[in-house]
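The structure under discussion appears below in the form of C-alpha coordinates.
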Amino acid sequence: MPLLEVKNLSVLYGKEKALENVSFSVDKGETIAVIGPNGSGKTTLLRALIGALPSKGEITIEKGVTMGYVPQKLDVERNLPLTGGEFLNLAQRKKLQSNFNVAYSAKEIIRMVGLPLSHLQKSLSAFSSGEFQRLLMGFALKTRPSLLLFDEPTASVDVGGQETIYDLLHRLQDKEQFTTLLVSHDLTTVYRYATKVLCLNKVQICFGVPQEVLTPQELENLYGGGQRFYHHLHE
Amino acid sequence: MIESISLLQLIAAALVGIAGGLLGSFALLRRMALVGDALSHVALPGLALGLLFHFNVFFGALAFLLFGTTVIWAIEHRTRIPVDTLVGVLFVVALALGSLLSPEEELLEALFGNIAAVSLAQTLWGIVLASAVISVLIFIKSRLTLSIVSGDLAQTAKLRPHFLEFLFLTLFALVTAIGIQFAGALLMGSLIIIPAAVSRNLTQSMAAYATLSAMLGGLGTVAGVLFAGYFNLSPGPTFILLLGSLFFLSLFFRRT
(Lines give C-alpha, C1' and ligand atoms only; values in the text may rest on other atoms or scores of the structure.)
Protein backbone atom coordinates (compact mmCIF):
# COMPACT_ATOMS: atom_id res chain seq x y z
CA MET A 1 0.00 0.00 0.00
CA PRO A 2 1.42 3.41 -0.93
CA LEU A 3 2.17 5.98 1.77
CA LEU A 4 0.02 8.54 -0.01
CA GLU A 5 -2.46 8.00 -2.79
CA VAL A 6 -4.22 10.81 -4.62
CA LYS A 7 -7.12 10.14 -6.98
CA ASN A 8 -8.83 12.73 -9.19
CA LEU A 9 -7.90 15.63 -6.95
CA SER A 10 -9.41 18.97 -7.94
CA VAL A 11 -9.18 22.33 -6.21
CA LEU A 12 -11.37 25.31 -7.00
CA TYR A 13 -10.59 28.95 -6.23
CA GLY A 14 -14.07 30.40 -6.50
CA LYS A 15 -15.09 29.29 -9.97
CA GLU A 16 -11.57 29.03 -11.27
CA LYS A 17 -10.00 25.59 -11.42
CA ALA A 18 -6.59 25.69 -9.79
CA LEU A 19 -6.05 21.95 -10.08
CA GLU A 20 -8.00 19.37 -12.03
CA ASN A 21 -8.05 15.58 -11.85
CA VAL A 22 -4.61 14.95 -10.46
CA SER A 23 -3.80 11.33 -9.60
CA PHE A 24 -0.56 9.87 -8.33
CA SER A 25 0.83 7.78 -5.53
CA VAL A 26 3.89 7.98 -3.32
CA ASP A 27 5.65 4.90 -1.95
CA LYS A 28 7.75 4.82 1.16
CA GLY A 29 11.25 6.20 0.71
CA GLU A 30 10.54 7.90 -2.62
CA THR A 31 11.38 11.46 -3.60
CA ILE A 32 8.72 12.84 -5.88
CA ALA A 33 9.38 16.14 -7.64
CA VAL A 34 6.47 18.32 -8.65
CA ILE A 35 7.30 20.59 -11.59
CA GLY A 36 5.39 23.02 -13.74
CA PRO A 37 5.31 26.69 -14.74
CA ASN A 38 4.30 29.49 -12.37
CA GLY A 39 0.65 29.32 -11.38
CA SER A 40 0.39 25.67 -12.40
CA GLY A 41 -0.97 24.56 -9.02
CA LYS A 42 2.15 23.16 -7.37
CA THR A 43 1.74 25.01 -4.08
CA THR A 44 -2.02 24.46 -4.30
CA LEU A 45 -1.40 20.72 -4.45
CA LEU A 46 0.75 20.74 -1.32
CA ARG A 47 -1.74 22.94 0.53
CA ALA A 48 -4.61 20.65 -0.41
CA LEU A 49 -2.62 17.67 0.89
CA ILE A 50 -2.09 19.24 4.33
CA GLY A 51 -5.79 20.10 4.49
CA ALA A 52 -5.38 23.87 4.27
CA LEU A 53 -7.54 24.03 1.14
CA PRO A 54 -10.84 22.34 0.44
CA SER A 55 -10.56 19.85 -2.40
CA LYS A 56 -12.53 17.25 -4.32
CA GLY A 57 -11.34 13.75 -5.01
CA GLU A 58 -9.60 11.23 -2.82
CA ILE A 59 -6.53 11.69 -0.67
CA THR A 60 -5.60 8.48 1.11
CA ILE A 61 -2.84 8.66 3.66
CA GLU A 62 -1.56 5.45 5.19
CA LYS A 63 -2.37 5.08 8.85
CA GLY A 64 0.26 6.50 11.19
CA VAL A 65 1.83 8.72 8.55
CA THR A 66 2.63 12.20 9.81
CA MET A 67 3.31 15.16 7.54
CA GLY A 68 5.82 17.95 7.77
CA TYR A 69 5.47 20.99 5.54
CA VAL A 70 8.07 23.51 4.42
CA PRO A 71 6.23 26.54 3.00
CA GLN A 72 7.86 29.02 0.63
CA LYS A 73 7.33 31.81 3.09
CA LEU A 74 5.35 32.88 6.14
CA ASP A 75 1.96 34.63 6.03
CA VAL A 76 3.50 37.76 7.49
CA GLU A 77 6.72 39.58 6.77
CA ARG A 78 9.75 38.14 8.43
CA ASN A 79 10.73 41.21 10.48
CA LEU A 80 9.09 39.69 13.53
CA PRO A 81 10.12 39.94 17.16
CA LEU A 82 10.57 36.17 17.21
CA THR A 83 13.84 34.26 17.66
CA GLY A 84 14.86 31.09 15.83
CA GLY A 85 14.49 29.11 19.04
CA GLU A 86 11.06 30.53 19.81
CA PHE A 87 9.91 29.77 16.29
CA LEU A 88 11.01 26.14 16.54
CA ASN A 89 9.20 25.76 19.86
CA LEU A 90 5.85 27.14 18.72
CA ALA A 91 2.91 24.82 19.10
CA GLN A 92 4.63 22.02 20.95
CA ARG A 93 1.58 20.62 22.60
CA LYS A 94 2.31 17.65 24.81
CA LYS A 95 -0.81 15.85 23.70
CA LEU A 96 0.30 16.30 20.12
CA GLN A 97 3.83 15.12 20.75
CA SER A 98 2.77 11.79 22.15
CA ASN A 99 1.38 11.01 18.69
CA PHE A 100 4.79 11.43 17.18
CA ASN A 101 8.02 9.65 17.80
CA VAL A 102 10.09 11.59 20.27
CA ALA A 103 10.45 15.06 18.81
CA TYR A 104 13.82 16.77 18.48
CA SER A 105 14.74 19.69 20.68
CA ALA A 106 15.27 23.09 19.09
CA LYS A 107 19.00 22.72 19.73
CA GLU A 108 19.21 19.37 17.94
CA ILE A 109 17.26 20.74 14.99
CA ILE A 110 19.48 23.81 14.59
CA ARG A 111 22.50 21.51 14.44
CA MET A 112 20.82 19.13 12.01
CA VAL A 113 20.05 21.84 9.47
CA GLY A 114 23.57 23.20 9.75
CA LEU A 115 22.95 26.53 11.45
CA PRO A 116 25.11 27.91 14.28
CA LEU A 117 23.58 27.48 17.76
CA SER A 118 23.59 31.27 18.22
CA HIS A 119 20.68 31.36 15.75
CA LEU A 120 18.42 30.08 18.54
CA GLN A 121 18.65 33.54 20.11
CA LYS A 122 18.73 35.43 16.84
CA SER A 123 15.67 37.32 15.65
CA LEU A 124 14.09 35.96 12.45
CA SER A 125 14.63 39.31 10.78
CA ALA A 126 18.39 38.76 11.03
CA PHE A 127 18.31 35.40 9.21
CA SER A 128 19.44 35.38 5.58
CA SER A 129 16.96 33.85 3.10
CA GLY A 130 19.00 30.67 2.91
CA GLU A 131 19.24 30.39 6.70
CA PHE A 132 15.54 31.00 7.03
CA GLN A 133 14.75 28.24 4.57
CA ARG A 134 16.84 25.89 6.67
CA LEU A 135 14.96 26.97 9.76
CA LEU A 136 11.64 26.28 8.05
CA MET A 137 12.90 22.84 7.12
CA GLY A 138 13.97 22.33 10.71
CA PHE A 139 10.51 23.28 11.93
CA ALA A 140 8.96 20.69 9.63
CA LEU A 141 11.37 17.96 10.74
CA LYS A 142 11.14 18.68 14.46
CA THR A 143 8.31 16.23 15.02
CA ARG A 144 10.01 13.61 12.81
CA PRO A 145 7.39 13.34 10.06
CA SER A 146 7.28 10.31 7.78
CA LEU A 147 6.30 12.44 4.79
CA LEU A 148 7.90 15.79 4.04
CA LEU A 149 6.22 18.29 1.72
CA PHE A 150 8.76 20.82 0.56
CA ASP A 151 7.79 23.93 -1.38
CA GLU A 152 10.86 25.52 -2.90
CA PRO A 153 10.90 29.29 -3.34
CA THR A 154 11.06 30.39 -6.98
CA ALA A 155 14.36 32.16 -6.58
CA SER A 156 17.33 30.12 -5.47
CA VAL A 157 18.54 31.24 -2.08
CA ASP A 158 21.67 29.12 -1.84
CA VAL A 159 25.05 30.69 -1.49
CA GLY A 160 27.62 29.44 -4.01
CA GLY A 161 30.15 26.97 -2.67
CA GLN A 162 28.05 25.95 0.31
CA GLU A 163 25.87 22.93 0.83
CA THR A 164 22.68 23.57 -1.17
CA ILE A 165 19.24 23.11 0.31
CA TYR A 166 18.93 19.96 -1.84
CA ASP A 167 22.14 18.51 -0.52
CA LEU A 168 20.81 19.19 2.96
CA LEU A 169 17.46 17.62 2.12
CA HIS A 170 19.22 14.58 0.71
CA ARG A 171 21.48 14.24 3.72
CA LEU A 172 18.58 14.53 6.17
CA GLN A 173 16.50 12.11 4.16
CA ASP A 174 19.26 9.50 4.46
CA LYS A 175 19.39 10.08 8.20
CA GLU A 176 15.68 10.39 8.95
CA GLN A 177 14.28 8.08 6.30
CA PHE A 178 11.33 10.27 5.42
CA THR A 179 9.53 10.25 2.08
CA THR A 180 9.60 13.53 0.16
CA LEU A 181 7.24 15.39 -2.13
CA LEU A 182 9.05 18.47 -3.36
CA VAL A 183 8.12 21.37 -5.59
CA SER A 184 11.13 22.16 -7.71
CA HIS A 185 12.08 24.80 -10.23
CA ASP A 186 15.37 23.19 -11.09
CA LEU A 187 15.36 20.30 -13.55
CA THR A 188 18.92 19.36 -12.67
CA THR A 189 17.72 18.63 -9.15
CA VAL A 190 14.85 16.58 -10.49
CA TYR A 191 17.23 14.35 -12.47
CA ARG A 192 19.62 14.04 -9.58
CA TYR A 193 17.32 13.33 -6.67
CA ALA A 194 13.78 12.49 -7.77
CA THR A 195 12.63 8.92 -8.12
CA LYS A 196 9.51 10.12 -9.87
CA VAL A 197 8.29 13.38 -11.30
CA LEU A 198 4.80 14.85 -11.44
CA CYS A 199 4.30 17.52 -14.11
CA LEU A 200 1.45 19.92 -13.51
CA ASN A 201 -0.16 22.66 -15.47
CA LYS A 202 -3.45 22.81 -13.59
CA VAL A 203 -4.06 19.41 -15.14
CA GLN A 204 -1.62 16.55 -14.86
CA ILE A 205 0.76 16.41 -17.81
CA CYS A 206 2.92 13.47 -16.76
CA PHE A 207 3.84 11.22 -13.88
CA GLY A 208 6.66 8.72 -13.79
CA VAL A 209 10.43 8.19 -13.70
CA PRO A 210 12.15 11.44 -14.84
CA GLN A 211 14.33 9.80 -17.49
CA GLU A 212 11.25 8.23 -19.05
CA VAL A 213 8.58 10.88 -18.84
CA LEU A 214 10.58 14.08 -19.23
CA THR A 215 10.84 13.90 -22.99
CA PRO A 216 11.42 17.13 -24.93
CA GLN A 217 7.85 16.80 -26.18
CA GLU A 218 6.40 16.56 -22.65
CA LEU A 219 8.48 19.52 -21.49
CA GLU A 220 7.19 21.56 -24.36
CA ASN A 221 3.65 20.60 -23.43
CA LEU A 222 4.36 21.63 -19.89
CA TYR A 223 6.23 24.89 -20.33
CA GLY A 224 5.32 25.76 -23.92
CA GLY A 225 8.24 25.90 -26.39
CA GLY A 226 10.90 25.19 -23.80
CA GLN A 227 14.17 25.96 -25.61
CA ARG A 228 15.72 26.46 -22.21
CA PHE A 229 14.89 22.96 -21.20
CA TYR A 230 16.23 21.25 -24.28
CA HIS A 231 19.45 22.83 -23.27
CA HIS A 232 19.17 21.52 -19.74
CA LEU A 233 18.39 18.06 -21.02
CA HIS A 234 21.50 17.73 -23.08
CA GLU A 235 23.80 19.03 -20.41
CA MET B 1 -12.35 66.90 34.89
CA ILE B 2 -11.53 64.05 37.13
CA GLU B 3 -13.34 63.18 40.32
CA SER B 4 -11.75 60.95 42.90
CA ILE B 5 -10.71 57.59 41.59
CA SER B 6 -10.81 54.56 43.84
CA LEU B 7 -7.97 52.09 44.14
CA LEU B 8 -10.28 49.47 42.64
CA GLN B 9 -10.84 51.60 39.57
CA LEU B 10 -7.12 52.05 39.24
CA ILE B 11 -6.55 48.28 39.46
CA ALA B 12 -9.23 47.72 36.84
CA ALA B 13 -7.62 50.29 34.57
CA ALA B 14 -4.20 48.64 35.00
CA LEU B 15 -5.62 45.20 34.16
CA VAL B 16 -7.42 46.55 31.11
CA GLY B 17 -4.12 48.16 30.10
CA ILE B 18 -2.25 44.88 30.53
CA ALA B 19 -4.90 42.97 28.59
CA GLY B 20 -4.84 45.62 25.85
CA GLY B 21 -1.05 45.59 25.63
CA LEU B 22 -0.88 41.81 25.46
CA LEU B 23 -3.66 41.58 22.92
CA GLY B 24 -2.04 44.35 20.92
CA SER B 25 1.22 42.44 20.61
CA PHE B 26 -0.67 39.74 18.70
CA ALA B 27 -2.79 42.24 16.77
CA LEU B 28 0.34 43.96 15.50
CA LEU B 29 1.86 40.63 14.44
CA ARG B 30 -1.32 40.07 12.50
CA ARG B 31 -0.89 43.49 10.90
CA MET B 32 -4.31 44.58 12.07
CA ALA B 33 -3.30 47.88 13.66
CA LEU B 34 -5.72 49.89 11.57
CA VAL B 35 -8.46 47.30 11.37
CA GLY B 36 -8.21 46.96 15.14
CA ASP B 37 -8.47 50.65 15.67
CA ALA B 38 -11.47 50.95 13.36
CA LEU B 39 -13.03 47.93 15.03
CA SER B 40 -13.11 49.66 18.38
CA HIS B 41 -15.36 52.33 16.89
CA VAL B 42 -18.02 49.79 16.09
CA ALA B 43 -18.81 49.65 19.80
CA LEU B 44 -20.17 53.17 19.72
CA PRO B 45 -23.73 52.45 18.54
CA GLY B 46 -23.98 49.76 21.23
CA LEU B 47 -22.70 52.15 23.83
CA ALA B 48 -25.19 54.78 22.69
CA LEU B 49 -28.10 52.35 22.87
CA GLY B 50 -27.07 51.49 26.43
CA LEU B 51 -27.02 55.16 27.40
CA LEU B 52 -30.37 55.81 25.70
CA PHE B 53 -32.24 52.87 27.13
CA HIS B 54 -30.38 52.66 30.43
CA PHE B 55 -28.91 49.19 30.23
CA ASN B 56 -25.31 48.24 30.93
CA VAL B 57 -23.27 49.81 28.13
CA PHE B 58 -20.81 46.93 28.32
CA PHE B 59 -23.34 44.53 26.83
CA GLY B 60 -24.38 46.98 24.13
CA ALA B 61 -20.77 47.54 23.15
CA LEU B 62 -19.94 43.83 23.28
CA ALA B 63 -22.89 42.88 21.09
CA PHE B 64 -21.85 45.31 18.37
CA LEU B 65 -18.18 44.34 18.68
CA LEU B 66 -18.91 40.64 18.38
CA PHE B 67 -20.92 41.42 15.28
CA GLY B 68 -18.00 43.46 13.91
CA THR B 69 -15.38 40.76 14.60
CA THR B 70 -17.58 38.07 13.08
CA VAL B 71 -17.93 40.19 9.94
CA ILE B 72 -14.13 40.60 9.72
CA TRP B 73 -13.57 36.91 10.21
CA ALA B 74 -16.16 35.97 7.63
CA ILE B 75 -14.74 38.41 5.09
CA GLU B 76 -11.26 37.05 5.61
CA HIS B 77 -12.26 33.44 5.17
CA ARG B 78 -15.41 33.25 3.17
CA THR B 79 -14.91 35.90 0.51
CA ARG B 80 -12.12 37.45 -1.47
CA ILE B 81 -13.16 41.05 -0.79
CA PRO B 82 -10.23 43.11 0.54
CA VAL B 83 -10.80 43.45 4.28
CA ASP B 84 -9.48 47.01 4.60
CA THR B 85 -12.01 48.54 2.26
CA LEU B 86 -15.10 47.00 3.75
CA VAL B 87 -13.90 47.45 7.31
CA GLY B 88 -13.11 51.08 6.62
CA VAL B 89 -16.59 51.80 5.32
CA LEU B 90 -18.50 49.66 7.82
CA PHE B 91 -16.81 51.14 10.84
CA VAL B 92 -17.09 54.76 9.90
CA VAL B 93 -20.78 54.10 9.36
CA ALA B 94 -20.90 52.64 12.89
CA LEU B 95 -19.16 55.72 14.25
CA ALA B 96 -21.63 58.02 12.52
CA LEU B 97 -24.59 55.98 13.72
CA GLY B 98 -23.24 55.95 17.25
CA SER B 99 -22.64 59.67 17.38
CA LEU B 100 -26.18 60.36 16.13
CA LEU B 101 -27.69 57.95 18.65
CA SER B 102 -25.70 59.14 21.65
CA PRO B 103 -27.41 61.76 23.83
CA GLU B 104 -25.38 64.91 23.22
CA GLU B 105 -24.25 65.49 26.79
CA GLU B 106 -22.93 61.93 26.97
CA LEU B 107 -21.32 61.82 23.55
CA LEU B 108 -18.01 63.11 24.83
CA GLU B 109 -17.97 60.45 27.51
CA ALA B 110 -18.76 57.72 24.99
CA LEU B 111 -16.01 58.91 22.70
CA PHE B 112 -13.33 59.58 25.28
CA GLY B 113 -14.42 57.60 28.33
CA ASN B 114 -14.53 58.68 31.95
CA ILE B 115 -12.93 56.36 34.42
CA ALA B 116 -14.38 58.16 37.44
CA ALA B 117 -17.91 57.54 36.18
CA VAL B 118 -17.49 53.75 35.97
CA SER B 119 -19.66 52.09 38.61
CA LEU B 120 -18.40 49.65 41.23
CA ALA B 121 -20.16 46.72 39.53
CA GLN B 122 -18.67 47.60 36.19
CA THR B 123 -15.25 47.98 37.77
CA LEU B 124 -15.47 44.50 39.30
CA TRP B 125 -16.68 43.11 35.97
CA GLY B 126 -13.72 44.79 34.34
CA ILE B 127 -11.27 43.21 36.77
CA VAL B 128 -12.70 39.71 36.30
CA LEU B 129 -12.96 39.88 32.51
CA ALA B 130 -9.59 41.54 31.94
CA SER B 131 -7.95 38.88 34.12
CA ALA B 132 -9.75 36.17 32.15
CA VAL B 133 -8.59 37.61 28.82
CA ILE B 134 -4.99 37.83 30.08
CA SER B 135 -5.09 34.20 31.25
CA VAL B 136 -6.55 32.90 27.99
CA LEU B 137 -3.97 34.83 25.94
CA ILE B 138 -1.11 33.43 28.00
CA PHE B 139 -2.56 29.94 27.63
CA ILE B 140 -2.86 30.10 23.83
CA LYS B 141 0.16 32.30 23.06
CA SER B 142 2.27 29.74 21.16
CA ARG B 143 -0.62 28.35 19.16
CA LEU B 144 -1.89 31.83 18.36
CA THR B 145 1.56 33.00 17.27
CA LEU B 146 1.99 30.01 14.96
CA SER B 147 -1.41 30.50 13.38
CA ILE B 148 -0.58 34.17 12.80
CA VAL B 149 2.87 33.63 11.27
CA SER B 150 1.74 30.67 9.15
CA GLY B 151 -1.75 29.25 8.91
CA ASP B 152 -0.36 26.33 6.90
CA LEU B 153 2.20 25.39 9.54
CA ALA B 154 -0.52 25.64 12.19
CA GLN B 155 -2.58 23.30 10.05
CA THR B 156 0.18 20.69 9.88
CA ALA B 157 0.64 20.99 13.65
CA LYS B 158 -3.01 19.91 13.93
CA LEU B 159 -4.12 23.27 15.27
CA ARG B 160 -7.25 24.92 14.00
CA PRO B 161 -6.00 28.27 12.68
CA HIS B 162 -9.46 29.58 11.77
CA PHE B 163 -10.81 28.80 15.19
CA LEU B 164 -7.81 30.42 16.88
CA GLU B 165 -8.33 33.49 14.78
CA PHE B 166 -11.96 33.66 15.77
CA LEU B 167 -11.06 33.20 19.42
CA PHE B 168 -8.53 36.00 19.11
CA LEU B 169 -11.06 38.36 17.55
CA THR B 170 -13.53 37.51 20.32
CA LEU B 171 -10.92 38.36 22.94
CA PHE B 172 -10.32 41.57 21.03
CA ALA B 173 -14.03 42.40 21.24
CA LEU B 174 -14.08 41.61 24.97
CA VAL B 175 -11.10 43.80 25.82
CA THR B 176 -12.50 46.64 23.78
CA ALA B 177 -15.93 46.36 25.40
CA ILE B 178 -14.39 46.48 28.87
CA GLY B 179 -11.89 49.18 28.11
CA ILE B 180 -14.29 51.42 26.27
CA GLN B 181 -15.90 52.48 29.55
CA PHE B 182 -12.54 53.58 30.83
CA ALA B 183 -10.96 54.99 27.68
CA GLY B 184 -13.86 55.68 25.32
CA ALA B 185 -14.54 54.41 21.82
CA LEU B 186 -12.10 56.68 20.02
CA LEU B 187 -9.16 56.00 22.28
CA MET B 188 -9.59 52.30 23.05
CA GLY B 189 -7.86 51.30 19.83
CA SER B 190 -4.76 53.20 20.91
CA LEU B 191 -4.64 51.27 24.18
CA ILE B 192 -4.23 48.13 22.11
CA ILE B 193 -1.91 49.42 19.42
CA ILE B 194 0.54 51.86 21.02
CA PRO B 195 2.13 49.68 23.75
CA ALA B 196 2.76 46.93 21.19
CA ALA B 197 4.17 49.43 18.70
CA VAL B 198 6.62 50.77 21.30
CA SER B 199 7.59 47.29 22.45
CA ARG B 200 8.16 46.08 18.90
CA ASN B 201 10.79 48.73 18.36
CA LEU B 202 12.68 47.69 21.45
CA THR B 203 12.63 43.89 21.44
CA GLN B 204 13.83 40.96 19.36
CA SER B 205 12.12 37.97 20.95
CA MET B 206 8.44 37.17 21.27
CA ALA B 207 8.73 36.70 25.03
CA ALA B 208 10.28 40.13 25.56
CA TYR B 209 7.94 41.77 23.05
CA ALA B 210 4.69 40.49 24.61
CA THR B 211 5.88 41.07 28.18
CA LEU B 212 7.04 44.62 27.56
CA SER B 213 3.88 45.39 25.63
CA ALA B 214 1.69 44.17 28.52
CA MET B 215 3.79 46.10 31.06
CA LEU B 216 3.64 49.30 29.05
CA GLY B 217 -0.12 48.89 28.72
CA GLY B 218 -0.55 48.47 32.49
CA LEU B 219 1.95 51.09 33.62
CA GLY B 220 0.85 53.50 30.90
CA THR B 221 -2.79 53.44 31.95
CA VAL B 222 -1.94 53.89 35.63
CA ALA B 223 0.51 56.68 34.84
CA GLY B 224 -2.04 58.27 32.53
CA VAL B 225 -4.76 58.21 35.19
CA LEU B 226 -2.52 59.53 37.98
CA PHE B 227 -0.89 62.15 35.80
CA ALA B 228 -4.28 63.31 34.54
CA GLY B 229 -5.62 63.48 38.10
CA TYR B 230 -2.69 65.54 39.25
CA PHE B 231 -2.89 68.06 36.41
CA ASN B 232 -6.65 67.91 36.16
CA LEU B 233 -6.69 66.51 32.63
CA SER B 234 -8.72 63.80 30.93
CA PRO B 235 -7.00 60.39 31.46
CA GLY B 236 -7.57 58.87 27.98
CA PRO B 237 -5.77 61.53 25.94
CA THR B 238 -3.11 61.83 28.65
CA PHE B 239 -2.34 58.11 28.32
CA ILE B 240 -2.07 58.39 24.56
CA LEU B 241 0.21 61.40 24.70
CA LEU B 242 2.45 59.64 27.24
CA LEU B 243 2.77 56.40 25.27
CA GLY B 244 2.75 58.22 21.95
CA SER B 245 5.84 60.17 22.96
CA LEU B 246 7.42 56.90 24.15
CA PHE B 247 6.79 55.50 20.68
CA PHE B 248 8.64 58.33 18.99
CA LEU B 249 11.47 57.99 21.51
CA SER B 250 11.63 54.24 20.88
CA LEU B 251 12.26 54.87 17.18
CA PHE B 252 15.77 55.90 18.15
CA PHE B 253 16.40 52.57 19.87
CA ARG B 254 15.05 50.20 17.23
CA ARG B 255 16.33 46.65 17.49
CA THR B 256 14.64 45.00 14.53
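Chain letters run A, B, ... following the sequence lines, proteins first, then strands; residues in each count from 1.
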Exercise for review: Assess whether atom CZ of B/Arg160 is packed by more than 12 heavy atoms of other residues, nucleotides or ligands within 6.0 Å.
Suggested key: no
Practice item. Please report the C-alpha distance between B/Glu165 and B/Ser147 in whole Å, then the side-chain angles of each, then the deciding distance to 0.1 Å, and finally whether the side chain to side chain donor-acceptor pair (under 3.5 Å) criterion is met. Key: CA-CA 8 Å; B/Glu165 232 164 274; B/Ser147 72; 5.5 Å; no
Review point. Using a cut-off of under 4.5 Å for heavy-atom pairs, which of A/Leu53, A/Leu124, A/Leu74 has the most such pairs with chain B?
Key: A/Leu74
Point to revise | Pairs of heavy atoms under 4.5 Å with chain A: top-ranked of B/Leu153, B/Ile140, B/Leu29 | key: B/Leu153
Check your understanding: Can you tell me how far CD of A/Gln204 sits from SG of A/Cys199, rounded to the nearest 0.5 angstrom?
Key -> 8.0 Å
Point to revise | Segment of B/Ala154 engaging chain A (4.5 angstrom heavy-atom cut-off) | key: neither
Point to revise | Top contributor to chain B interface from A/Leu46, A/Thr83, A/Ile50 [non-hydrogen pairs under 4.5 Å] | key: A/Ile50
Check your understanding: Could you walk me through whether A/Ser40 and A/Asn201 pass the side chain to side chain donor-acceptor pair (under 3.5 Å) check?
Key -> CA-CA 4 Å; A/Ser40 58; A/Asn201 198 354; 5.1 Å; no
